[in-house]
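Quick caveat, the model's predicted, so the values are computed rather than measured. Worth knowing before you read on, the calculation uses all heavy atoms, side chains too, and leaves out hydrogens, waters and symmetry mates.
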Amino acid sequence: MSGRKKHRKLNRTKALQLLLPVMLFISLCVVMCVPVNRSEDDGSEIVAEEAPVTQIMRGTSVHDLEKADTVSFHKRHLEEMPEPTQRIKVNYFGNMRAFFNDSNHVHLAEAAKYGITPLTDTRSHWQLRRPLVKITTCQDYYLDTLIFSRPYLVPEAAVTLREIGRRFRDTITARGGGDYRIKVTSLLRTPQTVKRLRRRNRNAVDSSVHQYGTTFDISYASFVAGSPAPARSVDDLKGILGEVLKAMREEGKLWVKYERGQPCFHITARKPE
């Protein structure tokens, strides 16, 4: 026998049998990864929901993004009150300053009945005797930018605030319409924020009722408009808000102080019987 080794011939049939599964697997992966463009004429119906897109342009600030908010519909509003205005019926009842004159002692005594213990240090934030509800802009009221307070109230006060806003809007609707909301300007305060506020506002006394989570301020000089028509004046809207507060005060639901230094109604929700 010769010393040379015999080389096996490559069997093409067996090679194809081995490579065929691999090639099929690769082809299947390619087909699945390539998107298929369906034409409108192929008889298939494609249902797609377009997601809202917010374009951030050069020069856009944080305040611009808040105005173009796509999360909360209720944050959207007109930049200014619409003009020219049309009169709306208002049931005036006299001097609001004289009528809404519940003293700070009355507010404080009510708040102490069911409010939280005023927050002092960080630990006190986690040792509340009452739960707090976070207040956010909604269909019944607009929450202004808060500087000296935090957006929280005890549940009873949160319900009262919601009722004020709803009755305000319902009254406007019943008398001819207009898309307006009240503006909440102050909520829960701490001793630190009261101290800072006293430098600017003499109404913020040491024993601020806002520290109990039962009290809030609603502006009577500024309202939030959601649509340009029908346009209503600030004076008429203030009169309607006064009507609502008068009715709820007579129903035993709140105490009200007409503030002048800061143009607002200082309101403490009363504890339900």
Side-chain angles (χ1 to χ4, degrees), residues 72-83 85-102 107 133-146 149 151 153-187 210 214-260 262-270 272:
S72 174
F73 171 81
H74 301 297
K75 289 185 178 180
R76 301 172 182 174
H77 60 88
L78 300 183
E79 293 297 325
E80 299 177 353
M81 295 286 284
E83 294 283 351
T85 60
Q86 298 174 312
R87 295 305 305 271
I88 187 173
K89 180 183 177 182
V90 178
N91 297 320
Y92 292 102
F93 52 88
N95 188 336
M96 290 190 187
R97 181 186 172 191
F99 188 86
F100 297 126
N101 195 29
D102 297 322
H107 287 260
V133 176
K134 186 171 184 179
I135 304 301
T136 59
T137 293
C138 63
Q139 64 180 354
D140 295 319
Y141 53 78
Y142 181 88
L143 185 62
D144 199 10
T145 301
L146 302 179
S149 65
L153 291 173
V154 294
E156 295 88 345
V159 170
T160 299
L161 173 58
R162 198 67 177 263
E163 183 177 351
I164 294 172
R166 185 176 299 113
R167 289 172 71 159
F168 174 79
R169 289 176 60 83
D170 288 346
T171 302
I172 294 176
T173 300
R175 297 181 186 178
D179 187 6
Y180 294 91
R181 283 175 290 167
I182 57 175
K183 181 184 289 187
V184 183
T185 57
S186 185
L187 296 161
H210 283 274
T214 60
T215 306
F216 48 89
D217 294 344
I218 298 177
S219 174
Y220 58 69
S222 178
F223 295 84
V224 174
S227 61
R232 307 298 183 186
S233 70
V234 172
D235 287 341
D236 285 348
L237 296 175
K238 175 183 177 181
I240 291 177
L241 176 56
E243 286 185 51
V244 172
L245 296 179
K246 178 178 181 293
M248 293 182 65
R249 184 178 182 276
E250 293 172 347
E251 294 167 7
K253 295 183 176 181
L254 46 79
W255 297 114
V256 189
K257 178 68 181 294
Y258 184 94
E259 301 284 8
R260 290 191 303 165
Q262 296 292 326
C264 67
F265 291 111
H266 175 73
I267 302 167
T268 294
R270 298 185 63 178

From CA spacing to verdict: side-chain contact (heavy atoms from CB on, under 4.5 Å), Val133, Leu153: CA-CA 5 Å; Val133 176; Leu153 291 173; 5.6 Å; no
Is the count of non-hydrogen atoms from other residues, nucleotides or ligands lying under 6.0 Å from Glu80 atom CD greater than 12? no
Does the side chain of Asn101 come within less than 4.5 Å of Tyr258's, by heavy atoms? no
Rounded to the nearest 0.5 Å, what separates atom CZ in Phe100 from atom NZ in Lys246? 8.0 Å
I'd like to know if Glu156 and Arg162 make a salt bridge, using a cut-off of under 4.0 Å between side-chain N and carboxylate O. no
Quick one, Ile135 and Val184 - any side-chain contact, counting heavy atoms below 4.5 Å? no
Quick one: pull up CZ in Arg76 and OG in Ser227 and give me the separation to the nearest 0.5 Å. 14.5 Å
Which heavy-atom pair separates Gly176 from Pro230 by the least distance, and what is that distance? O-CG, 4.1 Å
Side-chain H-bond candidate by donor/acceptor type, Lys183 with Ser219, under 3.5 Å: no
Hey, are the side chains of Thr171 and Leu241 touching, using non-hydrogen atoms and a 4.5 Å cut-off? no
For Lys257, is there an ion pair with Asp102 - N to carboxylate O distance below 4.0 angstrom? no
Verify, without hydrogens or angle tests, whether Arg169 (side chain) and Tyr180 (backbone) share a donor-acceptor contact under 3.5 angstrom. yes
Distance col, row Glu251:CD vs Glu163:CD, nearest 0.5 angstrom, shows 6.5 Å
Do Trp255 and Ile267 come close enough that some side-chain heavy atom pair is under 4.5 Å? no
Closest non-hydrogen atom pair, Glu83 against Ala231: N-CB, 4.4 Å
Can you tell me how far apart CZ (Arg181) and CD (Gln139) are? Round to the nearest 0.5 Å. 9.0 Å
Thinking salt bridges, do Arg87 and Asp236 make one under a 4.0 Å N-O criterion? yes
Donor + acceptor pair across side chains of Thr215, Thr268 (<3.5 Å): yes
Determine yes or no for a side-chain-to-main-chain donor-acceptor pair under 3.5 angstrom, with Arg232 supplying the side chain and Gln86 the backbone. yes
Presence of salt bridge, Glu243 and Arg175, under 4.0 angstrom: yes
Any residue meeting side-chain hydrogen bond (donor to acceptor under 3.5 Å, both in side chains) with Thr185, in chain and number order, not counting sequence neighbours: none
Apply side-chain contact (heavy atoms from CB on, under 4.5 Å) to residues Val224 and Thr137 and explain how you reach the verdict. CA-CA 11 Å; Val224 174; Thr137 293; over 6 Å; no
Should Ile182 and Val244 be marked as a side-chain contact (heavy atoms from CB on, under 4.5 Å) after you check the CA-CA gap, both sets of side-chain angles, and the distance that decides it? CA-CA 12 Å; Ile182 57 175; Val244 172; over 6 Å; no
May I ask you to decide if the ring planes of Phe168 and Phe223 are parallel, tilted or perpendicular, using 30° and 60° as cut-offs? parallel
Do the non-hydrogen side-chain atoms of Tyr141 and Ile218 ever get within less than 4.5 Å of each other? no
Cationic tip of Arg249 above Phe99 ring, under 6.0 Å, 45° of axis: yes
Non-hydrogen side-chain atoms of Ile164 and Met248 separated by less than 4.5 Å: yes
In this structure, CD1 of Ile240 is separated from CG of Asp170 (nearest 0.5 Å) by 11.5 Å
List the steps and the verdict of side-chain hydrogen bond (donor to acceptor under 3.5 Å, both in side chains) for Asp217 and His210. CA-CA 9 Å; Asp217 294 344; His210 283 274; 3.3 Å; yes
Does any part of the side chain of Met96, heavy atoms only, come nearer than 4.5 Å to the side chain of Val256, both counted from C-beta? no
Do Arg270 and Lys253 come within less than 4.5 Å of each other through their side chains, counting heavy atoms only? no
Atom CG in Leu143, atom OG in Ser149: separation rounded to 0.5 Å? 8.0 Å
